[in-house]
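What follows is a single structure, written as structure tokens, with notes after it.
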Amino acid sequence: MCPNDPLDKNFNFKLAEPRIYGAWESGGLFRADPGKPGDPFVIVIPPPNVTGNLHMGHALDVTLQDLLIRYHRMLGKNALWLPGMDHAGIATQNVVERALQAEGTSREALGREKFVAKVWEWKKIYGGNIVRQLRRLGASCDWSRERFTMDEGLSRAVREVFVSLYEEGLIYQGEYIINWCPHCHTAVSDIEVEHEDRKDKLYYLRYEAYCLPPLVVATTRPETCFGDTAVAVNPADPRYEIYRGREVQVPLTGRTVPVILDDYVDLEFGTGALKVTPAHDPNDFLIGRRHGLPMIVAIDGDGRLTGAAPAYAGQDRDEVRARMVADLEAKGLLEKIEPLDHAVGVCYRCRSAIEPLVSKQWFVKTAPLAEAAAAAVRDGRTKLVPAGWEKTYFDWMDNIRDWCVSRQLWWGHQIPAWHCQSCGHTAVLREDPERCPDCQGTDIARDPDVLDTWFSSGLWPFSTLGWPERTRDLERYYPTTVLVTGFDIIFFWVARMMMMGLKIMGDVPFGTVVLHPLVRDASGQKMSKSKGNVIDPLEILDNLGADAFRFALASQAGQARDLKLDVKRVEGYGRFVNKIWNAARFTLAAGEPGGDAGGAPRALPDRWIRSRLAAVVGQCRAAIEEFHFDRYCEALYQFIWYEFCDWYLELIKPILYGEDEGAKAETVRWLRLTLGDLLGLLHPVMPFVTEELWSRLSPGAGHLMVAAFPEPQAGEADPGAERLVGCLMDVTKAVRQARSDFGLNPSVKLSPVVLAQDAGIRELLTAQGQLLLKLMGAERLGLATDYGERPPDSASNVLDWGQVWTPLAGLIDPKSEEARLSKEAGKLSKDIQAAQRKLQNQDYLDKAPGDVVSETRERLAAMGARLSAVERALDVVRKLG
RNA sequence: AGGCGUGUAGCUCAGGGGGAGAGCACUACCCUGACACGGUAGUGGUCAAGAGUUCAAAUCUCUUCACGCCUACCA
């Protein structure tokens, strides 16, 4: 379709979106140039996982980022939106393994090298997918800078950071109890463990003691008793004094273990005696350390019992538990079993119960990093929006524990550590070594583990800009301006970026973090791949288009935590797109603009709309700058639909269809100008339809995407015009209301008489008589200066500044009209009494601000006038009846 | 167990010390020369409950109830 064709009745987004996006992209409009002037405005995208497809969370994320980037680009900032993807170690490995399983093979059968190659294939397929989908939303990312957390440059950054933190002692390898997922076969960090409430059982086991009654210990996991190396009681517990210094026998084993004293033990829980299994429980591990207890590994990485439990060796932990009950009962070692509700840690990927295991892992020492990260938010170098999240952020930062960063996976950044088989030395190096740097032996092996996927994401704000090279981009664009993301990854990602950015770059990674709601399904459930309740954004894009979808998302992105997406709402905004489209159709067909391009508007409707527009421009700017995307959308929706379309376009029709060519051309000029401004205001949230209409409205003026965002024109504020148009609206509404209330079809011609005692108003009504008749659907408009002039048989409606009478004899049903008027009179009397009481209250008069009091007086007067008019109307109606 | 958040019209939510708001839905009338994906006019709410502060509370404070979410080493 060429720009001069007349417009179709509807916006064909299916054809237009790809065409327009293609034009932006081929025009290089997304590309940022560090050499160009302008304050930088930089966003790095929260990199979506290479697995799966675009989901609602991305759609919201991308919409808000694009909105911000487009807005600031139009303000003339040097705007960069840097896109990319995350390799998502454990998630991706699981997905690919499942695919291999379907093909009848496995990761182990392929071997590491072939498996990793297979994952790269997957990345190509699904990575391409998600990028296409971001484009469909209209994302104005600088694709020339697209990065991937495993690409060459980022891998170098990861290695450099790992080595330098190691050299500084901030990364260490240690034997520690970690969260082990027996299904994924890897360690996971503390925050990758989710807690599920489960109905479980509490087993009371008898630990027999020589010459003493058995010591009863409560546990949820009897199968771990093969790893027990002590029983602990609280030193303040008098019940167990007799056991002090004694030993007790672990059930089903011949072993005895000491009874120790530790404050950790809760006197209230169970029996107040705790079995200590340092190798299989994080707390027991700490108790074991405090007391120098040995560790016995009773469960292996597959979740099976070890040789420490000879009778059960090789059997699954859950099966053993069931079997033990019978065995314990047979031996009289089971006192009782009680039900227990408690939380069980499960793997966030596969939801298997986490098995705490002791093993050698790599850790990041987080305390010093977290301190700096918390300080940066405390002193305002980075702001969280909404600020309520700061407390959550501080709570975590202040109680942070060391971060286990090694994963027993194949897909990810392999840890740059080499272990020498000859001398036992471990070397962490920037370059792959040929031989052991310590003993020069050649028998060296690289640590097989890879890094937690969040390690590389933690570097994202600077690794994507070229670090460790000192690139032009890095200098110009770091720190970034805004991070937009969901609050669910404050700990996973935001916190890590803060720590890494401050440590490595010496500066915060971003000035503001905008935490948007989570998109939930119809029932308010969090959408997730594992729950299978995902609504596909692509379907919405296909059916309703990107503009309606984006507007629906942005209009609901307030400060709440949930965003329940209702397709009906998107449909509603599809109608809004249509409304805009047709307003533009009307504008383009209105004729040729003319008049003095530099002058101020003269016609009342033009003065009015320019004045209102100036206010809305200010509202839009303020809303976006405060990240109140919902207010921005709301302001535009209300203004465009109810002021621009419903009133302005109607107000100017008499001019456009009139005889005065000069006045017409001038109004066309303001009409087109105002529509152009509206397109500019809307463009950040509705880029496609606005760009399309702009190209029709201003052919040859370049893309709206890079045009200037409308500025509030101080000179256009026109309170006089707003007041006068307000009068026209009031008169019009009064007559329409009467018509509607009395059930009169438009075919019934009315001849209203308006009481206007104010000379200015009389002048206005006279001048705009034709317009009013059209708006009201009336035949003749009369003016009166006094109550006495009203037609004798009229019902009436009263306005703040006067009255409207419409002769209605024979046209109305006096009975229903009487009921309606009585109801209104009742309401008014009540409100009047309340206002009078208020004004008789001396405290109120003394203490309330003057403008509040005078407002109440005005309201009271208005209500009084209205009431007397209603009463007069009632008189008339009663006579008719 | 702690922390955070939310309870406002049938639904989704905005507002936030001085006349209860929006969108959708619903009702009535209207194909009026941009748009029936439209227009006009309406119906509908003790702003979760109770107490307190205040001249004035949906709004601030406290308590209670309900529902979410997050954190956590009660075995």
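So you know, we letter chains A, B, ... as the sequences are listed, proteins then strands, and number each from 1.
Side-chain N or O atoms of A:T732 include one that pairs as donor or acceptor with a backbone N or O of A:L728 at under 3.5 Å. In terms of modelled atom types and a separation under 3.5 Å, the side chain of A:R550 and the main chain of A:M686 share no donor-acceptor contact. In this structure, A:H280 contributes its side chain and A:I299 its backbone to a donor-acceptor pair below 3.5 Å. Remark: the backbone N or O of A:K275 is not paired with any side-chain donor or acceptor of A:D228 at under 3.5 angstrom.
Atom C1' of nucleotide B:A25 and atom NZ of A:K568 are separated by 7 Å, given to the nearest angstrom. Between the CZ atom of A:R857 and the P atom of B:C55 there is a distance of 19 Å, rounded to whole Å. Straight-line distance from the CZ atom of A:F492 to the C1' atom of B:C70: 12 Å, rounded to whole Å. In this entry the distance linking CZ of A:F487 with C1' of B:C70 reads 9 Å, nearest Å. If you take OH of A:Y393 and P of B:G5, they are 19 Å apart, rounded to a whole angstrom. Across the protein-nucleic acid pair, A:D630 atom CG and B:A22 atom P stand 16 Å apart, rounded to whole Å. Following rounding to the nearest Å, A:E194 (CD) and B:C70 (P) show an atom-to-atom distance of 7 Å. B:C67 atom C1' lies 13 Å from atom CZ of A:R561, rounded to whole Å.
Of the residues A:Y637, A:F644, A:F639, the one that meets the side chain to side chain contact (heavy atoms under 4.5 Å, CB included) test with A:W641 is A:Y637.
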Pick out the pairs of N or O atoms, protein on one side and nucleotides 72-75 of chain B on the other, that lie under 3.5 Å.
residue: B:C73; atom: OP1; partner: A:R401; partner atom: NH2; Å: 3.1
residue: B:C73; atom: O4'; partner: A:N283; partner atom: OD1; Å: 2.9
residue: B:C73; atom: O4'; partner: A:N283; partner atom: ND2; Å: 3.4
residue: B:C73; atom: O2'; partner: A:Y264; partner atom: OH; Å: 2.8
residue: B:C73; atom: O2'; partner: A:N283; partner atom: OD1; Å: 3.3
residue: B:C73; atom: O2'; partner: A:N283; partner atom: ND2; Å: 2.3
residue: B:C73; atom: N1; partner: A:N283; partner atom: OD1; Å: 3.2
residue: B:C73; atom: O2; partner: A:N283; partner atom: OD1; Å: 3.3
residue: B:C74; atom: O2; partner: A:D266; partner atom: OD2; Å: 2.8
residue: B:A75; atom: OP1; partner: A:H342; partner atom: ND1; Å: 3.1
residue: B:A75; atom: O5'; partner: A:H342; partner atom: ND1; Å: 3.4
residue: B:A75; atom: N6; partner: A:D266; partner atom: O; Å: 3.0
residue: B:A75; atom: N6; partner: A:F269; partner atom: O; Å: 2.9
residue: B:A75; atom: N1; partner: A:D266; partner atom: N; Å: 3.3

For nucleotides 35-41 of chain B, print each protein N/O atom paired with a nucleotide N/O atom at under 3.5 Å, atom names and distance only.
residue: B:C35; atom: O4'; partner: A:N582; partner atom: OD1; Å: 3.1
residue: B:C35; atom: O2'; partner: A:N578; partner atom: ND2; Å: 3.1
residue: B:C35; atom: O2; partner: A:K579; partner atom: NZ; Å: 3.0
residue: B:C35; atom: N3; partner: A:K579; partner atom: NZ; Å: 2.8
residue: B:A36; atom: OP1; partner: A:K9; partner atom: NZ; Å: 2.9
residue: B:C37; atom: O2'; partner: A:N578; partner atom: ND2; Å: 2.9
residue: B:C37; atom: N4; partner: A:N10; partner atom: ND2; Å: 3.2
residue: B:G38; atom: O3'; partner: A:K579; partner atom: NZ; Å: 2.9
residue: B:G39; atom: OP1; partner: A:K579; partner atom: NZ; Å: 3.0
residue: B:G39; atom: OP1; partner: A:W641; partner atom: NE1; Å: 2.5
residue: B:G39; atom: OP1; partner: A:D646; partner atom: OD1; Å: 3.4
residue: B:A41; atom: O2'; partner: A:S740; partner atom: OG; Å: 2.8

Please list, for nucleotides 17-21 of chain B, all pairs of protein and nucleotide N/O atoms separated by less than 3.5 Å.
residue: B:G19; atom: OP1; partner: A:R859; partner atom: NH1; Å: 3.3

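In plain terms, the two heavy atoms of A:Y207 and A:C225 that are nearest each other are OH-CB, 3.8 Å.
Base engagement by A:L649 is indicated by at least one non-hydrogen atom pair under 4.0 Å involving a base atom. Residue A:R739 is out of contact with every strand shown, counting any heavy-atom pair closer than 4.0 Å. If you check every strand for non-hydrogen atoms under 4.0 Å, A:E571 touches nothing. Using a 4.0 Å heavy-atom criterion, one finds that A:A560 contacts the sugar-phosphate atoms exclusively. Contacts of A:F491 with the nucleic acid, taken as non-hydrogen atoms under 4.0 Å apart, involve only primed sugar atoms and P, OP1 or OP2.
Using modelled atom types, one finds no donor on one side chain facing an acceptor on the other under 3.5 Å when comparing A:D200 with A:T220.
Contact check of residues 229-237 of chain A against RNA chain B (heavy atom, cut-off under 4.0 Å) returns no residues at all.
Within 6.0 Å of the CD atom in A:E650, the count of heavy atoms belonging to other residues, nucleotides or ligands exceeds 12. Enclosure of atom CD in A:Q638 by more than 12 non-hydrogen atoms of other residues, nucleotides or ligands within 6.0 angstrom is indicated.
When the P atom is used for both B:A22 and B:C60, the distance is 22 Å, rounded to whole Å. Taking atom P in both B:A14 and B:G7, the straight-line distance is 7 Å, to the nearest Å. Going from the P atom of B:C62 to that of B:C4 covers 11 Å, rounded to whole Å. Remark: the separation of the P atoms in B:U8 and B:G42 is 26 Å, to the nearest Å. Straight-line distance between the P atoms of B:G39 and B:G23: roughly 11 Å, to the nearest whole Å. Nucleotides B:A41 and B:U32, compared at atom C1', are 16 Å apart to the nearest Å. Between B:U43 and B:A9, the two C1' atoms lie 11 Å apart (nearest whole Å). One C1' atom belongs to B:G45, the other to B:G10, and the distance between them is 11 Å to the nearest Å.
Under a 4.0 Å N-O distance rule, the pair A:E223/A:R317 does not qualify as a salt bridge. The pair A:D566-A:K568 does not count as a salt bridge, with every side-chain nitrogen at least 4.0 angstrom from each carboxylate oxygen. Between A:R221 and A:E355, at least one side-chain N (NZ, or NE/NH1/NH2) sits under 4.0 Å from a carboxylate O, which counts as a salt bridge. Using a 4.0 Å cut-off between charged nitrogen and carboxylate oxygen, A:E571 and A:R575 do not count as a salt-bridge pair. With salt bridges taken as basic N to acidic carboxylate O contacts below 4.0 Å, one links A:K336 and A:E338.
Of the candidate nucleotides B:G68, B:C55, B:G15, B:G68 has the atom lying nearest to any side-chain atom of A:D562.
Where pairing requires Watson-Crick or G-U contacts shorter than 3.5 Å, the helical stems of RNA chain B with at least three consecutive pairs are B:1-7 with B:65-71, B:10-13 with B:21-24, B:26-30 with B:38-42, B:48-52 with B:60-64.
Taking the six-membered ring wherever Trp is involved, the centroid distance between the rings of A:F551 and A:F576 falls below 6.0 Å. In this structure, the ring of A:Y393 has its center no less than 6.0 angstrom from the ring center of A:F491. Checked against the 6.0 Å centroid threshold, A:Y573 and A:F549 do not count as a close aromatic pair.
Looking at residues two or more places apart in sequence or on another chain, you find no side chain to side chain donor-acceptor pair (under 3.5 Å) involving A:T485.
Look at A:Y573 and you won't find any side-chain N or O under 4.0 angstrom from OP1 or OP2 of B:U12.
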